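Worksheet: one structure, shown below.
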Amino acid sequence: MSDIAKIEKKWQKRWRKDHVFEVDPDPKRKKFFLTVPYPYVNGALHIGHGRTYTIGDVIARYKRMQGFNVLFPMASHMTGTPIQGMVDRIKAGDPVAIEQYKRDLRLYFDTEEEVDAQLAKFVDPWTTASFFAKVISQDFDALGLGIDWRRRFTTGDKEYNKFVEWQYQKFKDKGYIKQGNYPLLYCPKDGNPVGEDDLLEGATAKIKEFTAIKWPFEDGFLVAATLRPETIFGVTNMWIHPTKKYVWAKVDGEKWVVAKAAVEKLRLQAKTVEVLETFSGSKIIGKKFRAIHDEHEIPILPAEFVDVNNATGVVYSVPGHAPFDYIALRDLWDNPSGLEKFGISAEDVRGISIIGMIDMKGYSEFPAKDAVERRNIKSQKEGEKLEDATQEIYKAEFYDGVMKDNCEQFSGRMIKDVKEDVVEWMRSINRVDVFYEPDERPVVCKCGTDVQVGVFAGQWFLDYTSPGWKDKTRGALASMDIVPDTYRVLFENTFDWLTQRPCARKRGIGTRLPFDPDWIIESLSDSTIYMAYYTIAHHIRNNKLKPDQLTPAFFDYIFLGKGTPLKVSKSTGIASTLLETMQNEFRYWYPNDQRHTNPAHIPNHLSFALFHHVAIFPKKYWIKRISISEYLVMAGGKMSKSKGSVIPLVEVPKKYSADVFRVYAMAAAEPASLMEWHERDVSAMTGRTRQFYDIMSKYAKKTPKVFTKQDNVSMATRWIVSRVNTIVENCTNFIENFRLRDYAINATSEMIRVVNQYLKRPGIPKEERDATMAYVCDIWVRLATPLMPHMCEEIWSKIGRDGYISVADWPKPNKKLIDREVETSYEVVESTIRDIREIVKLMKGKKAKTAHLYVAPEWMFKAMNSIRKAKLSIVVGDIMKHLMSNEDFRIHGKEVKSIVDRIAKENGLWAHSSSSKSERFALNDSASHMKSELGMEIVVHSSEKPEYDPQNKARFALPGRVSIFLE
RNA sequence: GCGGAGGUUGCCAAGCCAGGUCAAAGGCGUUGGGUUUAGGUCCCAAUCUUGUAGAAGUUCGCGAGUUCGAAUCUCGCCCUCCGCACCA
């Protein structure tokens with residue numbers, strides 16, 4: 001084990017031993033309650049998770065050093081189907097699943113035998129979950145996360161289930177939970193709904209809802225499914241496939257004609273279907289059915305293009321507005337010969353007139369005809385072109401189309417506005433139903449079966465449109481911090497489209513609905529207010545409270561303050577003092593001050609969390625702030641286990657060291673941007689952390705001393721003291737504004753550079769330098785602690801400080817020591833060095849021995865300061881006027897003009913000392929530094945009366961821009 | 001389709017909201033120099049082009065506009081990524 005690894009382990013052990021991160025309520029201190037969503041414990045985590053949790057920890061550590069009583073708890077998520085699914089697949093001997101688990105297990109075991117032995121134990125989800133929960137908690141510790149583990153639990157715990165039951169009973173009481181029919185992708189063979197993971201093909205398939213229109217026919221209905229129900233006014237005929245099988249069936253008590261292939265689908269969609277008669281399509285072709293709106297008779301015609309496997313296999317024809325229908329009808333007009341056998345004459349067909357029922361700019365009476373002719377489509381077989389034409393018409397009519405006056409009560413209205421109303425009207429006269437299909441094909445289950453849409457009767461869902469709920473939650477969002485605020489709009493959009501959301505399933509692990517135990521609460525719906533549970537989880541465990549004791553009255557008392565401890569104690573058998581303790585603890589910690597996670601959680605978890613908080617808790621307990629950080633990607637692509645492009649979290653401390661990972665993860669990208677993992681940059685970060693450590697080892701002291709101006713110390717010392725305080729001020733602001741990258745860069749790279757530059761300065765007395773460095777180190781080590789907690793603890797103890805730096809004070813910037821003048825002078829010196837170097841470069845090898853520097857006259861400094869103070873815009877005339885109005889400047893007329901020209905050219909003012917004298921002082925003070933940097937003597941002159949100026953350079957001097965002569 | 005984010009100098013990545021000090025921070029890479037340098041070390045400098053002494057020119061997806069002044073504001077266009085529901 002490397003030294004650094006030993007150091008990290010050592011401090012993790014000590015933190016644990018001294019319970020540094022285990023926190024209890026302390027009324028005397030401000031609290032800060034931070035959460036990051038608990039991980040799903042069905043496998044090993046990777047560095048992407050590491051980034052998210054580390055960001056949380058950096059915030060927690062910063063707040064802790066700011067003096068807050070910080071609670072950062074963690075638990076494990078195991079409800080839902082993934083763990084169950086994986087366990088089932090392992091038991092079934094699925095080699096892919098087995099290999100996937102072995103890959104994860106090899107991270108934790110050295111030999112293949114141990115891996116196999118552990119895998120053999122994975123016969124139920126609980127064992128699997130508890131194994132990964134354990135190793136993940138170790139991985140978190142190894143990363144230096146300051147977690148209060150006493151409060152850990154899993155979502156599969158019986159006690160936690162009682163909490164979720166309480167939550168859902170509350171929803172039920174409020175009327176937020178409803179039951180209804182709900183369509184899902186469904187595997188007929190497995191008899192189960194299928195999720196994305198269950199699919200072999202068609203992973204992106206969604207459910208498309210068709211309107212099934214029931215056209216009166218004989219003593220029942222011809223049922224045709226459509227996406228364009230408003231076109232019923234344009235119907236001219238029905239299309240039936242002549243050779244495919246159709247049925248007369250009794251569907252929920254009505255007689256329907258549909259394709260035979262649709263029977264099973266209807267059954268899956270919660271219809272009762274009894275087939276009365278099976279027949280070939282040709283049998284009904286030539287017969288008549290009746291229109292919806294006026295009951296006029298319309299013929300049934302044959303069409304080969306009808307796909308009986310799609311929807312009901314019955315298609316009503318609107319040739320004026322549907323390119324497929326137009327082409328099919330045109331073909332029959334052109335060649336009616338095949339119709340005789342159905343008892344249809346050529347005259348009958350030619351007598352059908354196309355109906356235009358939608359007005360639209362840029363199209364004729366029959367838009368379908370336009371679209372077909374524009375593409376020069378010749379036959380029904382040109383499927384792709386027809387599809388394209390259909391898309392065009394669909395879109396154009398939807399947005400621009402207006403119902404013509406042959407559309408009864410809907411005439412004159414826009415299609416996009418009228419669609420729903422047409423369906424509603426048909427529903428009122430019992431002419432519609434709903435039919436679902438996947439929006440793409442094929443969709444195939446892993447078992448090889450074609451996936452269908454199943455309608456779950458009695459599906460429980462949360463109705464986010466329940467009166468008042470959404471508005472109240474919008475209010476909660478408006479008063480909440482979202483960092484970065486750019487993500488706020490994503491919440492708003494989610495809130496807009498959130499309607500009914502199924503909250504329970506029939507399979508998987510989880511809490512049963514208290515009022516309908518056949519259903520298991522779905523795993524995104526059981527993890528929304530659990531932050532509250534952290535506040536009491538350890539009490540429940542330590543006092544061995546039984547699930548039965550955790551009654552609704554118990555939770556009502558703790559979380560909502562209902563009832564009295566005595567009463568609740570009586571009904572639950574829990575000591576009233578304990579009840580009071582728990583209630584106090586909840587009241588101390590809640591609300592959740594900050595919840596940090598990824599943007600992927602916005603449309604689901606985070607939105608649910610807000611809704612559920614609003615539903616259950618009073619306003620004072622709503623989440624205060626949500627912060628978001630993006631993913632970590634490897635070499636341009638998302639990390640993916642299947643591609644093997646992942647670095648497991650467990651390897652981080654071994655391969656890089658926790659501190660290096662933490663610094664790198666913070667410094668490589670701002671939280672809100674996608675971070676690219678570059679192996680090379682990580683090793684560069686190793687060097688930087690080591691250097692930090694080396695500097696600390698050399699200069700950190702138990703008792704630092706700070707030199708100030710009064711001590712008559714060198715400019716360099718005053719400069720570094722000022723710089724360090726500036727950096728502390730900046731870093732504090734950066735963290736407060738969630739700019740963790742800027743913080744990390746300043747606390748590492750920038751500090752290293754500052755220190756190196758200081759140490760490079762010659763002529764600083766050793767005592768002054770060492771004392772100053774001790775002062776710098778004292779600040780720096782604190783500043784770096786959230787990033788590199790292990791190394792900082794090590795240094796802290798090495799210099800003999802008591803306690804842990806993890807709970808030491810965050811440095812406060814000493815504003816009195818921030819000296820802009822000194823920092824500016826330093827800038828001037830540095831830019832002078834750069835200028836001299838540039839001249840040297842252009843001298844092409846000619847060596848200069850001496851650099852004569854001419855500092856601008858005092859009036860110019862006054863002029864610059866005067867412009868700055870006047871806050872003028874950079875317009876030559878304005879600045880001239882400003883300066884010329886002052887006698888002191890006017891006497892320098894010509895030179896004033898050249899300064900102003902320069903300002904205009906530079907597009908603004910630049911850094912310079914406050915006066916000629918202080919600029920000369922700064923340059924003189926740094927003369928030895930410049931000499932050692934440049935290898936030449938430095939002579940500083942006043943440009944007003946230079947002792948030596950053979951090339952008359954002095955006149956070019958400007959404040960902050962000394963004129964230079966090299967010889 | 002709907003909604004969102006974004007395109008910056010070899011790569012990564014700041015800046016953009018609050019226009020000027022932006023040839024544009026920081027890191028990586030590259031080049032040169034230094035350090036008796038165990039070490040995938042550390043330090044310094046340079047790294048758009050040109051250059052007659054510290055300067056000039058051309059850049060921030062493309063095109064136009066506003067302004068004394070635009071990487072930043074406005075409009076149009078092109079391209080990339082993400083989410084869209086039962087899935088954690």
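In the text below, chain A, chain B and the rest are named by the order of the sequence lines, each starting its count at 1. What you are looking at is a predicted structure, and each value in this text was computed from that prediction instead of being measured.
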Listed nucleotide nearest any side-chain atom of [X], set [options]:
X        : options                : result
A/Gln951 : B/rA53, B/rC87, B/rG29 : B/rA53
A/Lys953 : B/rG29, B/rG54, B/rC43 : B/rG54
A/Leu490 : B/rG4, B/rG26, B/rA53  : B/rG4
A/Ala669 : B/rA46, B/rA88, B/rA13 : B/rA13
A/Val962 : B/rA88, B/rG54, B/rC43 : B/rG54
A/Glu838 : B/rC44, B/rG51, B/rA88 : B/rG51

Distance check needed: [N] [atom2] versus [X] [atom1], whole Å only.
X        : N      : atom1 : atom2 : value
A/His882 : B/rC68 : NE2   : P     : 21 Å
A/Ile628 : B/rC82 : CD1   : P     : 18 Å
A/Leu759 : B/rC44 : CG    : P     : 11 Å
A/Phe491 : B/rC82 : CZ    : P     : 20 Å
A/Phe734 : B/rA14 : CZ    : C1'   : 10 Å
A/Lys841 : B/rU52 : NZ    : C1'   : 14 Å
A/Arg488 : B/rC17 : CZ    : P     : 20 Å
A/His601 : B/rG83 : NE2   : P     : 13 Å

Should [N] form a Watson-Crick or G-U wobble pair with both distances under 3.5 Å, which nucleotide is its partner?
N      : result
B/rC2  : B/rG83
B/rG54 : none
B/rG32 : B/rC44
B/rG19 : none
B/rU37 : none
B/rG63 : B/rC75
B/rU9  : none
B/rA70 : none

On the nucleotide [N], are OP1 or OP2 found under 4.0 Å from the side-chain N or O atoms that [X] carries?
X        : N      : result
A/Ser523 : B/rA88 : yes
A/Arg690 : B/rG40 : no
A/Ser673 : B/rA13 : no
A/Thr686 : B/rG40 : no
A/Arg688 : B/rC28 : yes
A/Gln757 : B/rC43 : no

For a side chain to side chain contact (heavy atoms under 4.5 Å, CB included) check, start with the C-alpha distance between A/Met936 and A/Val840, then their side-chain angles and the critical distance, and finish with the verdict. CA-CA 11 Å; A/Met936 55 184 87; A/Val840 168; 3.9 Å; yes
Indicate, with a heavy-atom threshold strictly under 4.0 Å, whether [X] touches base, sugar-phosphate, or nothing.
X        : value
A/Asn604 : base
A/Leu674 : sugar-phosphate
A/Arg753 : sugar-phosphate
A/Glu670 : sugar-phosphate
A/Thr499 : base
A/Arg837 : sugar-phosphate
A/Ala668 : sugar-phosphate
A/Arg501 : base
A/Gln691 : sugar-phosphate
A/Phe965 : base
A/His77  : sugar-phosphate
A/Leu524 : base

Using the [atom1] atom as the point on both nucleotides, what is the distance between [M] and [N], in whole Å?
N      : M      : atom1 : answer
B/rC44 : B/rU50 : C1'   : 26 Å
B/rC11 : B/rU49 : P     : 14 Å
B/rU31 : B/rC48 : P     : 16 Å
B/rU9  : B/rC60 : P     : 10 Å
B/rC2  : B/rA14 : C1'   : 32 Å
B/rC22 : B/rG4  : C1'   : 30 Å
B/rC42 : B/rG54 : C1'   : 31 Å
B/rA5  : B/rG63 : P     : 25 Å

We want to know whether A/Glu823 and A/Thr726 form a side-chain donor-acceptor pair, criterion being a heavy-atom distance below 3.5 angstrom.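 On atom types as modelled, these side chains qualify, holding a pair under 3.5 Å.
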Are side-chain N/O atoms of A/Tyr38 and A/Ser527 paired as donor and acceptor at under 3.5 Å?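 There is such a pair between these side chains.
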No-H, no-angle donor-acceptor pair, A/Ser963 side chain to B/rG54 base, under 3.5 Å: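 Present.
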Decide yes or no on ring-ring contact (aromatic ring centres under 6.0 Å, His included) for A/Phe491 and A/Trp497, but give the supporting numbers first. CA-CA 10 Å; A/Phe491 280 95; A/Trp497 62 250; over 10 Å; no
RNA chain B: 5'-proximal contact among A/Val489 and A/Leu966 (nearest heavy atom):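 Counting from the 5' end, the first nearest nucleotide belongs to A/Val489.
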5'-most by nearest nucleotide on RNA chain B - A/Ile745 or A/Asn493: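 Nearest nucleotide further toward 5': that of A/Asn493.
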Closest contact, heavy atoms only, A/His612 versus A/Thr528: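 For A/His612 versus A/Thr528, the nearest heavy atoms are ND1-OG1, 2.6 Å.
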So, A/Ser607 side chain and A/Asn604 main chain: donor-acceptor pair closer than 3.5 Å or not?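 Judged by distance alone, no pair lies under 3.5 Å.
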Ignoring hydrogens and angles, tell me if any N or O in the side chain of A/Lys698 forms a donor-acceptor pair with the backbone of A/Tyr693 under 3.5 Å.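 Side chain of A/Lys698 to backbone of A/Tyr693, a donor-acceptor pair under 3.5 Å: no, none is there.
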Quick one: CD on A/Gln691 to CG on A/Asn756, what's the gap to the nearest 0.5 Å?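 Here the interatomic distance stands at 5.5 Å.
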Run the salt-bridge test on A/Glu522 and A/Arg501 with the 4.0 Å N-O cut-off and return the result as yes or no.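 So A/Glu522 pairs with A/Arg501 through a salt bridge.
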A/Glu967 with A/Lys849: basic N within carboxylate O range, under 4.0 Å: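 No, this pair does not count.
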